[in-house]
Amino acid sequence: MSGTDIAKAYDPKLVEQRWYQAWLDARAFAGVADPAKAPFCIVIPPPNVTGVLTMGHVLNNTIQDILTRRARQEGKAVLWLPGTDHAGLATQSRVERELKKEGLDRRRMGREAFFQRVVEWRDKHGGIIIEQLKRLGCSCDWSRTVHTLDPAYSRAVLTAFVKLYERGYIYRGKRMVNWCPASQTALSDEEVIPKPQKGSLYHMRYEIVERPGEYIQIATTRPETLMGDTAVAVHPDDPRYANLRGAHVWRPFPRAQIPIIFDTAVDKDFGSGALKVTPAHDKVDFEIGQRHHLPIIEVIDAAGKLNELAGEEFMGLERFKARKLAAQKLNELGLLIKEDPYENNVGFSERADVPIEPRLSEQWFLKYPRIEEAKAAVRDGHIKFWPEHWSKVYLNWLDKIQDWCISRQVWWGHRIPVWYKKGADRNDAQNRHVSLDGPPDPQNWEQDEDSLDTWASSWLWPFATMGWPAPDAKQAQELDFWYPTNDLVTGPDIIFFWVARMIIAGLEFMRPGESLDRRIPFKNVYFTGIIRDKQGRKMSKSLGNSPDPLDLIDQYGADGLRFGTMNSAPQGNDILFDETNVELGRNFCNKLWNAARFRQMQGPTEKNGTIDAILNHFDAGIADADDQAILARLAETLDAVARDFAKYEFNTATQNLYAFFWGDFCDWYLEVAKARSGDEGTLKHVRAVQDLCLRQFLLLLHPFMPFITEELWHGLGFGAEGTFIQNAGAGTGAELLAKLATVGFKPDASAAAEIAGLREFVSQARALKAQFNLAARRDLKFALAANPHQAGTLARHGEKLRRLAGAAEVDLLAANREAPAGAAAVITPLGTLYLDLAGAVDKNAERARLAKEIEKLDKVIAGSEAKLANEAFTAKAPANVIEGARKQLADNQAKREELRRLLEALK
RNA sequence: GGGGGAGUAGCUCAGUUGGUUAGAGCGCCUGCUUCACACGCAGGAGGUCCAGGGUUCGAGUCCCUGCUCUCCCACCA
């Protein structure tokens, strides 16, 4: 911006792209590991490379950008390391959908061809999100962008696998997994979404072998699995079945004897208290089966169809059709007692949205290392969680942690680096080869078909992005410099998926033998809330309730979106998204823009306006209470925002910024400045105060609104050519006051109170005018019966008061002079203010108003009197509280006296 | 079932270690082209701080009980 031809309204489109390009051209975001500076590093939670920006990303990345920009301002060596995630199953599913349209199938294409196809798809659709993050203003070091399937990163992932295998943490096992029959892969517990389903509870009966004609009653929702039953279980304390120890029942089809067993996992109070046990198709049943050494009979195959073990009638039948048929058969055999409607929770595959099938499968598992250390790291405060309460959730999970199934039947990912001797037993470790590059004689081996869970790659993010495990010389120095990283900013929904696992990985792999503080991956974890719509629903594509952040940027500007989002996001709370918040941010940009315009209209600003340069025009002799008050507020705000940063309270920070700039600087100080049109010296001085406020405020605001602050920083001449605002610090309140002291400015503690009084006075005067529908009039005469100690105030601030109140005159009444006849009156901190209406006052209405005010005061005074009359209060309350109460009482009493006098005068 | 979080103005939320008469933005009502800004200015209405106990001289704030909403985990076949 330059000269006087500045647009009336701020147009972010003209500014944002230009500055972002300038930052990129200057490599302003490059992380330089400068040992002379304190390190500050954030690694981005890698978004899905083919994803697009959501409001969740906006929240998350705005916070990260705020932290990194503030750190640069503080003179730290800053690295915000970006990257993307290959999102294994999600991406593979999308490409498979495309293939289906073309009539293709990944199995027929073969692994290599399919992988290549996904690579092409990724390269075509990937990276959009990176460009979108740039639109938001994110100051990542893009030259370091990492993708989880990059060669170096992939080697890190496989290295971790090999190391953990060698250390005995990884094993292959037949275990119950959440099998998705649609995608034909195992899912982690976290990828299974329980949904309430309406179905039936089938009550059936099995005949007791040892007592023909006697039956045991069993309830089940899944009769289609009964062919895989290998026992019936009851609770050992259940008196109804105590006499059945050692007994057996007849499984109706295929007809076979199966034992009655006793296990505490059975709920006595559910149904009849007897449970059919199908170890192959239910997690709990599998565990019971293990305890009782039951055989495992799989009757459902990978596609969710029944197999030959289920019997001829069921073979090939889809599982839900089989359910109907099984019920029908039971009924025909007279074994189905009843079928009740029943609602229960069924686990659904998050991606394919079909009921998962608990299924035994050969999988790779990780037994987590370092669990105790991972707990200690958070419990003992080496890693701080914000808000703190998430640490309970974290510790709770680690207490009940289960082995992690890390293999996925997916091709888009890191293929498990295990080879099996051709034709040999894969479960015999003798027949395996585990290494990064495979066996020397590959013709004799075949590699495991599975790939690793995506989280088994991203859990290495804080160090594998920096060159681990094979850093070159430069990387080694940087890893040493920036690890552990400072802050991690993420959603609490991935506290187990990602955060906990990164902690474990860091402790296991980084700097073996060194202290906990050196091995943890980050020092602070800030958990954002979840952005919801106005009805409190999670934002989702299917609901269509998620606004497109890019539309919002087009409409309101990136700064407006950022500020509005932060302003409405208190720490630890979910955010109900409301576009009016973004509007608030946009409006604030405009306010800032216009305050700068106003300043420029008063005269040119200096080039390279440092604080010292500005202070050349500051005249301590001219400085009055308004200057005192605004500079004190500026100093306060610098410190308040610093405190907010220390506590990660970004919404409090935006509120402090907003209140200072709009409420104090614009609403009061700039208005007052308009009235201080004395000599050239006064003008220069007042401009200097404005410049100080604008300069320090732009610095303080910059992390929240990077574009407009950069624009104004240069437009107002504060920044030298080729420099950026992110490299200048806002400083503390004390530093500002110290600078001011060098030009003879001494803080005056009473100034703030005096200005508060003036503001109240002006407000009262305006209200008085409004009461008589005279708000727009500027030719009215006021008279003030000043309080004794306020007589000088009017003299000092008369010009300002007249201008702000819109008064032609404010007469100072002599102590003994009568108030004008027929005037309306209001009590202000300066004294009683009369508005001369020359008899136009409705006396009855005025009396009613005064009486009402007196009545209100009566109540307050009565409360104060009662409190002060209470000996317990005067004996126990601290002196300053008692003093405050006394003063309040005295003030109110005096005010009431004056009101009574005014009432009397109206008679 | 286990563990969190939250109930304050019509809406979304602040409210420091308990201490004057509980605040902001939006919305609403009234007025205003006042020489930066109508994305603005000015004035105003609007509150049983979920309910009931308790601690205290004093509770929106601390404790207990209950109610409502919400999230996470484990899930009853």
Side-chain angles (χ1 to χ4, degrees), chain A residues 6 8-10 189 194 201 218-222 225 233 265-267 269-271 274-278 282-285 344-345 347 387 389-390 392-393 396-397 400 492-493 495-496 529-530 532 534 536 538 556 560 564 567-570 572-578 580-581 583-602 643 651-652 655 658-659 663 666-667 670-671 674 762-763 766-771 773-776 778 803-804 806 856-857 859-860 863-864 867 870-878 880-882 884-885 887-889 891-892:
Chain A
I6 314 158
K8 240 177 147 178
Y10 172 60
D189 290 345
L201 187 60
I218 298 162
T220 182
T221 55
R222 302 202 62 196
T225 62
V266 181
D267 180 354
D269 300 323
F270 188 90
L275 168 71
K276 70 192 252 326
V277 182
T278 322
D282 183 276
K283 211 172 172 181
V284 173
D285 289 8
N344 66 338
N345 278 331
H389 69 82
W390 289 112
K392 279 184 201 159
V393 177
N396 208 16
W397 182 71
K400 295 186 290 190
D493 48 336
I495 190 169
F496 312 133
I530 291 166
R532 300 171 180 282
K534 270 186 180 173
K538 240 178 170 168
Y556 300 103
N567 194 53
S568 57
N573 281 14
D574 285 357
I575 297 108
L576 298 193
F577 178 78
D578 186 338
T580 59
N581 288 321
E583 231 174 283
L584 169 98
R586 188 265 319 256
N587 295 352
F588 191 50
C589 281
N590 198 51
K591 192 71 177 173
L592 181 59
W593 183 256
N594 275 289
R597 269 182 79 212
F598 178 64
R599 169 63 190 85
Q600 290 213 318
M601 287 167 70
Q602 295 170 65
R643 279 197 302 276
N651 73 314
T652 315
Q655 281 160 21
Y658 189 97
C666 292
D667 284 354
L670 289 188
E671 293 305 319
K674 291 174 184 173
V762 168
S763 192
R766 287 165 171 169
L768 194 56
K769 283 164 66 181
Q771 192 191 329
N773 293 321
L774 300 167
R778 307 183 67 78
R803 185 187 172 93
L804 290 170
K856 230 166 98 187
L857 268 181
K859 280 184 197 154
V860 179
S864 296
K867 186 195 258 184
N870 182 351
E871 277 178 37
F873 174 70
T874 46
K876 291 186 180 176
N880 63 323
V881 172
I882 297 169
K887 184 171 184 320
Q888 185 207 340
L889 177 60
D891 289 352
N892 282 328

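As the structure is a computational prediction, the values presented were derived from the model and not from experiment. Proteins get letters first, then strands, A, B, ... in listed order; numbering begins at 1 in each.
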* Are side-chain heavy atoms of A:L584 and A:Y658 found at a separation under 4.5 Å? -> yes
* Contact class for A:L275 (heavy atom, under 4.0 Å): base, sugar-phosphate, or nothing? -> base
* Validation row: A:V881, A:F873 side chains within 4.5 angstrom (heavy atoms) -> yes
* Report the base-pairing partner of B:C28 (Watson-Crick or G-U wobble, both distances below 3.5 angstrom), or none. => B:G44
Taking N or O atoms only and anything under 3.5 Å, show me the protein contacts with nucleotides 43-47 of chain B, one pair per line.
residue: B:G43; atom: OP1; partner: A:S763; partner atom: OG; Å: 3.0

* Structure fact -> Residue pair A:I575/A:N587 against RNA chain B: nearer the 5' end by closest nucleotide is A:I575
* To do: Please determine, for B:G18, whether a Watson-Crick or G-U wobble partner exists with both distances under 3.5 Å, and give it or none.
  => none
* To do: Would you mind pulling out the nucleotide paired to B:A6, Watson-Crick or G-U wobble, both distances under 3.5 Å?
  => B:U68
* Assign A:C589 to base, sugar-phosphate, or nothing according to its heavy-atom contacts below 4.0 angstrom with the strands shown. => nothing
* If the plane angle is over 60° it's perpendicular, under 30° parallel, otherwise tilted; pick one for A:W397 and A:F496. => parallel
* Can you find an N or O donor on one side and an acceptor on the other, under 3.5 Å apart, linking the side chain of A:K674 with the base of B:A36? -> yes
* B:U34: pairing nucleotide in any strand, Watson-Crick or G-U under 3.5 angstrom -> none
* To do: Measure distances between side-chain N and O atoms of A:K591 and base N and O atoms of B:C37, and say whether any donor-acceptor pair falls under 3.5 Å.
  => yes
* Are any of A:K8's side-chain N or O atoms less than 4.0 Å away from OP1 or OP2 of B:A38? -> yes
* How would you label the contact of A:N870 with the nucleic acid (heavy atoms, under 4.0 Å): base, sugar-phosphate, or nothing? -> sugar-phosphate
Contacts under 3.5 Å, N or O only, protein and nucleotides 1-10 of chain B:
residue: B:G4; atom: O2'; partner: A:H389; partner atom: ND1; Å: 3.0

* Base B:C39 paired with A:R586 side chain (donor-acceptor, <3.5 Å) -> yes
* Asked: Got a donor-acceptor pair under 3.5 Å from the side chain of A:N892 to the base of B:U21?
  -> yes
* Ignoring hydrogens and angles, are the base of B:A36 and the side chain of A:E671 linked by a donor-acceptor pair under 3.5 Å? -> yes
